[in-house]
Amino acid sequence: MTVRTRFAPSPTGPLHIGSARTALFNYLFSRHHGGTFLLRIEDTDRARSTNEYTRLILDSLAWLDLSPDEPPLFQSARAARHAEVARQMLEAGHAYRCYCTPEELARMREEALAEKRPARFDVWRDRDPAEAPPGVAPAIRLKAPREGETVVDDLVQGPVRVANAELDDMIILRSDGSPTYLHAVVVDDHDMGITHVIRGTDHLTNTFRQVQIYHAMGWALPRFAHVPLIHGADGAKLSKRHGAQSVTEFREQGYLPEALCNYLLRLGWGHGDVEVVDRAEAIRLFDIDGVGRAPARMDYAKLTHLNGIYLRQADDGRLTEEVLARLAGRSDLVLDEAAMRRIRALMPGLKERAKTLVDLADSAAFLARRPPLPLDAKAAAQLTENARAMLRQLAPALAATDFSAPALDAALRRFAEATGRKLGQIAQPLRAALTGSTVSPGIDATLAALGREESLARLRAVTG
RNA sequence: GUCCCGUUCGUCUAGAGGCCUAGGACACCAGCCUUUCACGUUGGUAACACGGGUUCGAAUCCCGUACGGGACGCCA
């Protein structure tokens, strides 16, 4: 059997980080088994679904390199098919028309709650349709079995069973003829030939009733795998106050897609001691049996650490592009040819020190400034009268080199020895003058990246 | 409230009855490296929720309790 999985977001918001992980698991599972990964946009809630969100979700998936193997299927386009299946169930006696009004249902729900019993809503189950009130359009309800139990043999949670007496007759077709989500999902998964339904545990209890639809239609069940949800640091459902929660936000905050995927993979999935797993390795190692059963908490610090690892491995040209894009809007910088060249030249040293693209862009900004540079407090403290005098003396020694990093390093060491100073006593004031701060890549590499003209200009700006 | 599920260092996890004096990673602390900051490196603090069983032996199996999460919509 060829594995077919699907990711099925509803376009009512940006792609949530938990959904992204569900997409990743579906993707990895299908790839691991040589199968197909599909996308279905669940836009049956016409009021809340928008094309903008659909596009945003597609963008986020592409950014994460989790694009589906086929164009997405829009659930809204299949309403006729959903209604057809509901009609078949009606004819076969597996469903019935319900003439209850929303008000009546709300009252029944309250009464059931007050009496501490599950709500039923099955007043029309065996009632003669001839008694139907005039002018009321009926909804169609599943005629669920009352005896026995329904079992979901879940790939993650194991066999999960519930007594059928606990389950109500859910609505499969609304009174306006549109399908409910629970019903549409079953019909679509069946028609799409989905073999493995991998989704969040918030759908686990719904699965019982969906299984009853499969049974009613005589369809083969797919395998289900319900993966735990992602929580915030306090164990509660991930929400705004925990920090970033949509893929879009993580992207803005300077995380690399490969780092985010690696982090998400390790959240709720383990394989021995592996921590840093690239895509190819993930496809090779991933399987459902490695997925844990307990919800996991989002750990932004660990994500940031992982991001630093991927940042250091990333291509310098790519990172330069990212940095330029982030610096583009800043009015205090001059992003001319020379500045871009400097950023590209110093990238190996810059990326070594950054954890996110935001850090990286910040640390590169000094390369795109014009002297005189603004000095931060620590840098200003470095540039004492003595230090400025020392820099005035140092400038010719630097100017005499070819401005390659090794030559500059050698010149600095000679100068240190000749003037009886430690290297740090020279490097720090020099760094302050060159960068406006006390933190930067190696001073030789920084000088080389700035180039002879710019470096000497920056020195003149502080030595007068 | 009812039903379903879960519980190993602060966090993510390894662990399939003896290999566990419970391993790795992040975070944290200390040392080393050093031209600043990072990186790297060495070491350290730190966990089997609790109570009963089963067994020669349990983090691993069973039952309770506590705590946590999810579901109970003509939302998805």
Side-chain angles (χ1 to χ4, degrees), chain A residues 8-12 42-45 47-49 75 98 100-102 105-106 109 112-119 121 137-141 152 154 156-158 160-163 166-168 170-176 178-182 184-185 200-208 226 228-229 231 233 235-237 263 266-276 290 292-306 308-309 312 349 352-355 359 363 378 382 409 412-413 416 422-428 430-432 435 437-444:
Chain A
S10 58
T12 55
E42 313 231 300
D43 55 348
T44 48
D45 186 341
R48 292 196 301 146
S49 302
Q75 195 158 58
C98 170
C100 292
T101 62
L105 294 174
R109 199 169 0 255
L113 208 61
E115 291 168 32
K116 300 176 181 180
R117 56 173 170 78
F121 313 121
I140 297 180
R141 282 186 185 275
V152 175
D154 195 272
V156 173
Q157 309 290 340
V160 183
R161 54 192 68 229
V162 70
E166 297 290 336
L167 272 19
D168 66 359
M170 69 160 169
I171 289 178
I172 57 178
L173 211 64
R174 301 185 187 109
S175 50
D176 67 359
S178 67
T180 57
Y181 161 81
L182 253 24
V185 165
T201 41
D202 48 338
H203 291 107
L204 182 59
T205 45
N206 287 332
T207 307
F208 295 118
H226 287 94
L229 270 17
H231 289 162
K237 202 167 179 174
Y263 176 72
R266 283 288 292 105
L267 197 59
W269 174 87
H271 186 90
D273 286 345
V274 300
E275 295 287 349
V276 181
R293 290 144 298 278
R297 300 179 187 207
M298 192 68 198
D299 183 351
Y300 294 92
K302 188 160 183 175
L303 167 61
T304 302
H305 172 260
L306 216 39
I309 292 174
R312 273 174 257 138
E352 198 73 27
R353 292 163 172 76
K355 290 276 174 52
D359 297 346
S363 72
K378 285 180 181 170
Q382 282 290 332
D409 182 64
L412 285 168
R413 288 179 192 282
K422 289 167 92 171
L423 220 38
Q425 294 175 291
I426 299 164
Q428 278 309 80
L430 184 54
R431 176 170 281 115
T435 72
S437 88
T438 51
V439 177
S440 85
I443 200 67
D444 50 351

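Computed over heavy atoms, backbone and side chain alike; hydrogens, waters and symmetry mates excluded.
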Given B:C26, B:C74, B:C3, identify the nucleotide with an atom nearest to the side chain of A:R141.
B:C74
Could you list the protein-to-nucleotides 19-21 of chain B atom pairs, N/O on both sides, closer than 3.5 Å?
none

Checking only heavy atoms, does the side chain of A:R353 share a donor-acceptor pair with the base of B:C37 at less than 3.5 Å?
yes
Separation of A:S437 OG from A:Q382 CD (nearest 0.5 Å)
10.5 Å
Hey, does A:P441 reach any base, or is it just sugar-phosphate, or nothing, if we go heavy atoms under 4.0 Å?
base
Categorize A:C100 for me: base, sugar-phosphate, or nothing, with a 4.0 angstrom heavy-atom threshold over every strand shown.
base
Any A:T180 side-chain N or O less than 4.0 Å from OP1/OP2 of B:C74:
no
Whole-Å P distance, B:C50 and B:G10
13 Å
Spell out yes or no: do the side chain of A:R266 and the base of B:U11 have one donor N/O and one acceptor N/O closer than 3.5 Å?
no
By the 4.0 Å heavy-atom rule, please label A:S437 as base, sugar-phosphate, or nothing.
nothing
Mapping A:V162 and A:N206 to their closest nucleotides on RNA chain B, which lands nearer the 5' end?
A:V162
In whole angstrom, give the distance that lies between atom CE of A:M170 and atom P of B:C72.
12 Å
Any strand counts, and the cut-off is 3.5 Å on both contacts for Watson-Crick or G-U wobble. Which nucleotide pairs with B:A22?
none
Just call it for A:F121: base, sugar-phosphate, or nothing, with non-hydrogen atoms closer than 4.0 Å on any strand.
sugar-phosphate
Using atom C1' of each nucleotide, how far apart are B:A76 and B:A58 to the nearest Å?
43 Å
Using a 4.0 Å heavy-atom cut-off across all strands, classify A:E42 as base, sugar-phosphate, or nothing.
sugar-phosphate
P spacing across the pair B:A22 / B:A47, given as an integer number of angstrom
10 Å
Using atom C1' of each nucleotide, how far apart are B:A59 and B:C20 to the nearest Å?
9 Å
Proximity to the side chain of A:S10 - top-ranked nucleotide from B:U2, B:A76, B:U35:
B:A76
Would you classify A:D176 as touching base, sugar-phosphate or nothing, given that sugar-phosphate means primed atoms plus P, OP1 and OP2, and contacts are heavy atoms under 4.0 Å?
nothing
Determine whether any donor atom in the side chain of A:R431 lies under 3.5 Å from an acceptor atom in the base of B:U35, or the reverse, and answer yes or no.
yes
Roughly, in whole Å, what's the span from CD1 in A:I443 to P in B:U35?
13 Å
Which of the following nucleotides, B:U11, B:A25, B:U35, is nearest to the side chain of A:R297?
B:U11
Generate the contact string for nucleotides 58-67 of chain B. Rules: B means base contact, S means sugar-phosphate contact only, - means no protein heavy atom under 4.0 Å.
----------
Considering every strand and a 4.0 Å limit on heavy-atom distances, what is the contact class for A:Q157: base, sugar-phosphate, or nothing?
sugar-phosphate
Please give the distance between the P atoms of B:C9 and B:G24 as a whole number of Å.
16 Å
Looking at every non-hydrogen atom in both residues, tell me the closest pair between A:D43 and A:Q75 and how far apart they are.
OD1-N, 3.3 Å
Among B:C4, B:U35, B:A76, find the nucleotide with the atom closest to the side chain of A:D444.
B:U35
Interatomic distance, OH@A:Y263 vs NE2@A:H305, rounded to 0.5 Å, equals 13.0 Å
Which value, in whole Å, describes the distance between the C1' atoms of nucleotides B:C33 and B:C39?
11 Å
I'd like to know if the side chain of A:E166 reaches the main chain of A:A163, judged simply by a donor and an acceptor atom lying under 3.5 Å from each other, with no hydrogens or angles considered.
no
Picking from B:U11, B:A71, B:U35, which would you name as closest to the side chain of A:D299?
B:U11
Paired to B:G57 by Watson-Crick or G-U wobble criteria (both distances under 3.5 Å) is none
Would you name the heavy atoms of A:G200 and A:L229 that are closest together and state the gap between them?
CA-CD1, 4.0 Å
Report the distance from atom NZ of A:K355 to atom C1' of B:C39, rounded to the nearest whole Å.
9 Å
What is the distance from NE2 of A:H305 to P of B:C28, rounded to the nearest Å?
11 Å
Side chain of A:Q75 only, please: which of B:G24, B:C74, B:A76 is the nearest?
B:A76
Whole angstroms only, please: what is the NE2-P distance between A:H203 and B:A76?
10 Å
For A:G268 and A:R48, take the nucleotide of RNA chain B holding the closest heavy atom to each; which residue's nucleotide lies nearer the 5' end?
A:G268
When you measure from the side chain of A:R312, which nucleotide among B:C39, B:C4, B:C74 comes out closest?
B:C39
In the strands shown, is B:C67 matched to any nucleotide by a Watson-Crick or G-U wobble pair with both distances under 3.5 Å, and which?
B:G6
Once you apply a heavy-atom cut-off of 4.0 Å, does A:L423 come out as touching a base, just sugar-phosphate, or nothing?
base
Without hydrogens or angle criteria, can the side chains of A:S178 and A:R174 be said to hold a donor-acceptor pair below 3.5 Å?
yes
Determine whether any donor atom in the side chain of A:S175 lies under 3.5 Å from an acceptor atom in the base of B:C74, or the reverse, and answer yes or no.
yes
Sticking with atom P, work out how far B:C32 lies from B:A38, rounded to a whole angstrom.
15 Å
Pair partner, B:A14 [Watson-Crick or wobble, under 3.5 Å]
none
B:C39 pairs with which nucleotide, Watson-Crick or G-U wobble, both distances below 3.5 Å?
none
Please pick, from B:C37, B:C12, B:C75, the nucleotide with the shortest atom-to-atom distance to any side-chain atom of A:R174.
B:C75
Any base atoms under 4.0 Å from A:L229, or only sugar-phosphate, or nothing? Heavy atoms, all strands.
sugar-phosphate
Closest approach of A:R413 and A:L423, non-hydrogen atoms and distance?
NH1-CD2, 3.1 Å
Identify whether any heavy atom of A:H226 sits under 4.0 Å from a base atom; if not, whether one sits that close to sugar-phosphate; answer base, sugar-phosphate or nothing.
nothing
Partner of B:C33 under the Watson-Crick or G-U wobble criteria, both distances under 3.5 Å, comes out as none
Any-strand Watson-Crick or G-U partner of B:C48, both distances under 3.5 Å
none
Against the side chain of A:A294, the closest entry in B:G70, B:U7, B:U2 is B:U7
Identify whether any heavy atom of A:D168 sits under 4.0 Å from a base atom; if not, whether one sits that close to sugar-phosphate; answer base, sugar-phosphate or nothing.
nothing
Selection from B:G6, B:C4, B:U36 that lies nearest to any side-chain heavy atom of A:R293
B:G6
For B:C4 versus B:U42, give the span between their C1' atoms, rounded off to a whole number of Å.
48 Å
